Amino acid sequence: MPIDFHDWENEARKKLGAGPFGYVHGGAGAGDTIKANSEGFQKYRLIPRACCNVANRDLTIDLLGHKFKFPLMMAPIGVNSICHPSAEQIPAEVAAELEVPYILSNVSTISLEEAAQHNKNGVRWFQLYPPKDKDLTKSFIDRAQKAGYTAIVVTVDSKLLGWREEDLRNQFLPFLSGQGMGNYFSDPVFRSKLKKSPKEDLHAAVELALSEGNNEQFSWEDFSLICRYSKLPVLLKGVTHPEDALLAVQHGASGIIVSNHGGRQLDGAIGTLEALPDVVEKVKDEVPVLMDSGIRRGADVIKAIALGAKAVLVGRPYIYGLAVAGKKGVTYVLENLIAETELQMAICGRSSIKDVDSRLIKKI
């Protein structure tokens with residue numbers, strides 16, 4: 001199987017149709033934000049230390065009162081069914097087997113309860129695109145808590161879909177066929193708003209779900225209400241401006257995820273690694289800061305940790321693995337990334353990920 005991220009990407013391109021591949025691969029507009037995510041890592045260089053005992057290595061981190069085996073999580077990616085018929089079942093299973101925390105997308109094709117069954121005793125968080133209907137918001141949160149999810153990840157950088165030229169060119173939007181609607185169609189509050197069941201009138205059900213997800217009026221007050229209602233820690237995902245990070249903390253966030261939605265929303269936006277140091281500085285250890293978008297290699301993980309991230313989220317790499325080789329592909333991608341991260345850390349002269357800090361990195 002492939003080793004390099006770009007090889008996985010090329011194999012996925014061969015495997016998938018133009019529509020599904022473009023949906024995963026594409027970014028907003030000219031793709032400049034995707035480029036910024038990648039190029040941001042090239043602006044920093046690691047400075048390894050010599051003659052350090054690295055015989056016993058430890059990648060464990062402490063986050064929100066829990067100990068995690070690795071400083072990485074599986075990012076929320078919707079509609080996995082366009083890449084593999086088992087949809088989110090496989091990522092959920094692999095996450096549990098490798099002890100990697102799994103963040104289930106709000107727009108998963110299978111329901112959050114079904115994903116939890118496949119994740120078994122794994123650590124799982126639930127991503128929430130906050131609906132317009134507050135009762136539906138509460139229902140999603142309640143269901144996640146009952147199904148053993150241990151945090152809510154409120155994503156706020158996708159109130160509207162970005163200008164995604166690959167999807168427009170391919171005329172591809174998987175939600176229209178009911179994919180990615182597992183959590184909506186299984187929700188009692190959502191179903192009570194329908195005149196007919198999704199089976200009887202798919203178009204109306206999809207239209208309502210998309211309307212709820214495009215919550216253009218979502219405000220800091222709404223976020224604060226979610227934080228007060230949820231019995232689980234609430235993280236805010238989609239932050240790149242340091243002032244927004246501070247506002248998130250002031251309104252009750254238990255954590256910040258620096259992300260630009262993988263470059264899929266705003267063309268020409270700042271790269272996440274560029275944004276990370278200012279967010280970390282602004283938050284000043286009040287809550288943990290995680291980083292998403294652009295992680296491809298072990299060196300990327302080390303650089304993000306050195307700049308203040310407590311952990312990173314990995315998205316496209318494991319989805320390409322899913323498309324190319326199913327469960328073996330997802331497992332292989334994650335195992336290689338974990339192994340490479342451990343190796344990079346040791347060669348930097350650190351035996352514990354907790355000792356990776358800004359002394360190991362230099363901006364050029």
Side-chain angles (χ1 to χ4, degrees), residues 5 37 40-41 43-75 94-103 122-125 150-151 153 233 235 237 254-259 272-277 279-281 283-315 317-318 331-363:
F5 167 78
N37 286 340
F41 288 96
K43 296 178 181 179
Y44 290 90
R45 294 288 185 262
L46 295 169
I47 314 170
R49 298 304 305 271
C51 300
C52 301
N53 185 347
V54 292
N56 298 309
R57 297 180 291 278
D58 180 17
L59 288 177
T60 60
I61 61 168
D62 298 309
L63 184 61
L64 299 178
H66 299 277
K67 179 164 286 192
F68 295 160
K69 195 172 180 181
F70 309 110
L72 59 88
M73 312 182 77
M74 294 172 72
V94 173
E97 291 169 5
L98 297 183
E99 299 181 65
V100 173
Y102 179 54
I103 307 177
V123 175
R124 52 188 175 270
W125 296 357
T150 55
V153 177
L235 296 91
K237 179 176 181 286
S254 298
I256 304 294
I257 302 178
V258 175
S259 172
T272 50
L273 198 73
E274 296 175 90
L276 178 63
V279 171
V280 171
E281 173 62 24
V283 170
K284 296 187 183 301
D285 291 326
E286 289 192 52
V287 300
V289 176
L290 289 70
M291 202 204 86
D292 169 67
S293 304
I295 298 292
R296 301 290 180 260
R297 294 183 172 278
D300 300 340
V301 179
I302 298 300
K303 289 177 182 179
I305 300 295
L307 289 173
K310 299 298 182 185
V312 301
L313 278 59
V314 180
Y318 84 76
T331 302
Y332 203 66
V333 166
L334 292 176
E335 284 182 337
N336 281 352
L337 184 56
I338 290 167
E340 186 184 7
T341 300
E342 182 181 329
L343 184 63
Q344 288 284 125
M345 179 184 73
I347 294 173
C348 279
R350 293 291 188 263
S351 60
S352 171
I353 199 70
K354 296 182 180 72
D355 295 329
V356 172
D357 57 28
S358 59
R359 294 172 294 176
L360 287 179
I361 199 164
K362 181 179 178 63
K363 190 172 185 179

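Just so we're clear, the structure is a prediction, and the values are computed from it rather than from any experiment. Residue numbers start at 1 and run along the sequence shown.
- Formation of a donor-acceptor pair under 3.5 Å by the Tyr318 side chain with backbone atoms of Ala75 is found in this model.
- Put simply, the side chain of Lys69 never gets that close to the backbone of Pro101: no donor and acceptor are under 3.5 Å apart.
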Could you give me the CA-CA distance, side-chain angles and deciding distance for Val314 and Val333, then say whether side chain to side chain contact (heavy atoms under 4.5 Å, CB included) is met?
CA-CA 10 Å; Val314 180; Val333 166; 5.6 Å; no
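- Applying the ring pair (Phe, Tyr, Trp, His ring centres under 6.0 Å) rule to Phe70 yields no partners; only residues at least two apart in sequence or on another chain are considered.
- Nearest heavy atoms, Gly349 versus Val54: C-CG1, 3.8 Å.
- Here the closest non-hydrogen pair linking Thr331 and Leu98 is O-CD1, 4.1 Å.
- Side-chain contact check for Leu59 versus Pro71: some heavy-atom pair is nearer than 4.5 Å.
- Closest approach of Ser254 to Val287, counting heavy atoms only: O-CB, 3.5 Å.
- Residues Leu337 and Gly298 share a closest heavy-atom pair of CD1-N, 3.7 Å.
- Within 6.0 Å of atom CZ in Arg359, 12 or fewer heavy atoms from other residues, nucleotides or ligands are found, so the atom counts as exposed in its surroundings.
- Of the possible polar contacts, one joining the Lys303 side chain to the Phe41 backbone as a donor-acceptor pair under 3.5 Å is found.
- No side-chain heavy atom of Tyr102 sits less than 4.5 Å from a side-chain heavy atom of Val123.
- Annotation for Met345 and Ser352: closest pair SD-C, 3.4 Å, computed over non-hydrogen atoms.
- Rounded to the nearest 0.5 angstrom, Asp62 CG and Lys310 NZ are separated by 9.5 Å.
- Closest non-hydrogen pair, Leu360 versus Cys348, comes out as CD2-O, 3.8 Å.
- The side-chain hydrogen bond (donor to acceptor under 3.5 Å, both in side chains) search around Arg296 returns none, not counting sequence neighbours.
- Rounding to the nearest 0.5 Å gives a distance of 10.5 Å between CD1 of Ile347 and CG of Leu46.
- By the side-chain hydrogen bond (donor to acceptor under 3.5 Å, both in side chains) test, Arg49 pairs with no residue at all, sequence neighbours left out.
- Considering CD1 of Ile302 and CD of Glu342, their distance stands at 10.0 Å, rounded to 0.5 Å.
- Atom CG in Asp58 sits 14.0 Å away from atom CZ in Arg350 (nearest 0.5 Å).
- Side-chain contact check for Leu307 versus Pro277: some heavy-atom pair is nearer than 4.5 Å.
- Distance alone, capped at 3.5 Å, is enough to place a donor-acceptor pair between the Thr272 side chain and the Ser293 backbone.
- Proximity of Leu313 to Lys237: side-chain heavy atoms (C-beta onward) are separated by under 4.5 Å at one or more points.
- With contacts defined as side-chain heavy-atom distances shorter than 4.5 Å, the pair Val301/Gln344 does not qualify.
- If you take CG on Asn37 and CG on Leu273, they are separated by 9.0 Å, rounding to the nearest 0.5 Å.
- Proximity of Ile61 to Ile305: side-chain heavy atoms (C-beta onward) are nowhere separated by under 4.5 Å.
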Decide side chain to side chain contact (heavy atoms under 4.5 Å, CB included) for Leu290 and Leu63; before the verdict, give the C-alpha distance in whole Å, the side-chain angles of both, and the deciding distance to 0.1 Å.
CA-CA 10 Å; Leu290 289 70; Leu63 184 61; 4.1 Å; yes
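- Atom CG of Asp300 and atom CG of Leu72 lie 12.0 Å apart (nearest 0.5 Å).
- Each of Ile257, Val279, Leu235 was checked for a side-chain contact (heavy atoms from CB on, under 4.5 Å) with Val289, and the lone residue meeting it is Val279.
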